[in-house]
Protein chains: 2
Amino acid sequence: MVRRTKAEAQETRERIIDAAERVFHDKGVSRTSLNDIAKEAGVTRGAIYWHFKNKHDVFAAMFERQRLPMESMANRAEDPNETDPLGKFREAMIYVLCQTVLDPGRRRVFEIMFHKCEFTAETDPLMERQREAFLDGSERTRRTFRNAIARGQLPASLDIERAVVQLHVQMTGLLYVWLLLPEAFDLQAEAANFVDCYINSLTHCPSIAGP
Amino acid sequence: MVRRTKAEAQETRERIIDAAERVFHDKGVSRTSLNDIAKEAGVTRGAIYWHFKNKHDVFAAMFERQRLPMESMANRAEDPNETDPLGKFREAMIYVLCQTVLDPGRRRVFEIMFHKCEFTAETDPLMERQREAFLDGSERTRRTFRNAIARGQLPASLDIERAVVQLHVQMTGLLYVWLLLPEAFDLQAEAANFVDCYINSLTHCPSIAGP
DNA sequence: TACTATACATACGTTTCTGAATGTATGTAT
DNA sequence: ATACATACATTCAGAAACGTATGTATAGTA
């Protein structure tokens, strides 16, 4: 065997990432060796070292594969020409929550991120990644809220910073808790309720909505 | 040297846990060896193996040391004779948030729990611990809310299950986000606001408060 | 005072993982 | 058809890290 065509090689790369996703999820990132991933993917460590630098590189590639589809969706609500920014925002939030329930791949990656990997000191590039993603997401949300205010969908007195933080807290908390104890509540069925409860607070909670 | 008195041995045990706390926090749980902990504590691995079974045992002891003081505080609000259960509940939540900011030890342990350790399959006793803590905390909260309803502090139409889930989501999300990015917002200054916003939703958000 | 359990330190054998080096067969370009 | 690059597999040396076994000096204890 060996020496596949370029397309086959790309398939091998994907298979390795798929395998890593499953093994990371089952054993935790630190406890999985490259050999574990190789066996699950049906290759040897040599193949992994060909496509990736090391385990961290596999890990990063796994997240990159999930990041791209997320990006596109976030872009919708923050378009200044969108006539219903709050509606699109609502849809996006509900979509993320339901997608986490329905798409096993996304669910696994979120679960790995929340419960099966360790973030270490500032030296760790992953920490920096998280930080950037947070700041970037915050900026998107800020733009969306400004659009919604301009269209009269949110009060002009809205405390945008508190609203942004609260959004992250809400979404992070929801995913964290549900992924830890899926039987605690029905995320898919309750998703719209949770989101509406949050949006409701943007106009009715005094400390966020303003006077 | 060696062969200390019983009191000194207890001090050694505490020093090992202290050291583990710091090293776990700096390097992450999986990347710290027992030798790392021993060096930080100024002992050898032999001392650790005397007091603990293995690294997991040290880890568990670290959490146990934090659990006890938390327990006592939670007991206050759920006392049926308490005339102001909602007020005590509010105080307890704010206390936990501020304590996380002010007590470096508690902050470290929370940070380890959220960002520096891996929860693996159901077989893992840690997972079970978390699960039990969640269910136990939920039951306490339920009792507290029932007391508050009986005293007229919360509406009788309150959806208790949703309120309980929302509480966990809120607190978990707050701590998770703040521990990841402490500069994102001032948790100590905003603690009361966050809690009041949640309590406000218990009487004003339609999907939780009821008609 | 002598003996024993305690509270560690030290030494050892084993396992496991990594990264690199090397081998090899095939795709691909000329 | 040849030559080189590619896509892996295989092998090897070294480093950690673990658990245990053993050494040892002192605190309790009778």
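Below, chains carry the letters A, B, ... as their sequence lines are ordered, and counting in each starts from 1.
Scanning residues 25-47 of chain A for heavy-atom distances under 4.0 Å to DNA chain C yields A:S33, A:L34, A:R45.
Atom CD in A:E8 sits about 18 Å away from atom P in C:dA25, given to the nearest Å. Note: CZ (A:R13) to C1' (D:dC8) measures 15 Å, nearest angstrom. What separates CD of A:E14 from P of D:dA7 is a distance of 14 Å, to the nearest Å. Atom CD1 of A:I48 is separated from atom C1' of C:dC17 by 13 Å (rounded to the nearest Å). One interatomic measurement links the two molecules: CZ of A:F52 to C1' of C:dT18, which rounds to 17 Å at whole-angstrom precision.
Inter-residue side-chain proximity for B:N147 and B:F89 is flagged as unmet; no heavy-atom pair is nearer than 4.5 Å. Side-chain contact between A:L180 and A:F114: absent, with no pair of heavy atoms (C-beta onward) separated by less than 4.5 Å.
Residue B:H51 has no polar side-chain atom (N or O) positioned under 4.0 Å from OP1 or OP2 of C:dA7. At C:dC8, none of the side-chain N or O atoms of B:W50 fall inside 4.0 Å of OP1 or OP2 (strictly under the cut-off). Phosphate proximity of D:dT26 to B:T5: absent, as no side-chain N or O sits under 4.0 Å from OP1 or OP2. Within the 4.0 Å cut-off from OP1 or OP2 of C:dC8, at least one side-chain nitrogen or oxygen of B:T12 is found. The phosphate of C:dG19 (OP1 or OP2) has a side-chain N or O of A:Y49 nearer than 4.0 angstrom.
For the residue pair B:D36/B:S33, the side-chain donor-acceptor check at 3.5 Å is satisfied. When only modelled atom types and interatomic distance are considered, A:E118 and A:S30 share no side-chain donor-acceptor pair under 3.5 Å. Between the side chains of B:H25 and B:E111, at least one donor N or O lies within less than 3.5 Å of an accepting N or O.
For DNA chain C, each stem of at least three Watson-Crick or G-U pairs (distances under 3.5 Å) is given as range with range: C:1-30 with D:1-30.
Aromatic rings from A:F194 and A:F185 are positioned such that their centres are separated by under 6.0 Å. Not less than 6.0 angstrom separates the ring centroid of A:F52 from the ring centroid of A:F59.
Along DNA chain D, the nucleotide closest to A:Q10 and the one closest to B:K55 are compared, and the more 5′ of them pairs with A:Q10.
At distances below 3.5 Å, at least one donor-acceptor pair connects side-chain atoms of A:S201 with backbone N or O atoms of A:Y198. Side-chain N or O atoms of A:K55 include one that pairs as donor or acceptor with a backbone N or O of A:T32 at under 3.5 Å.
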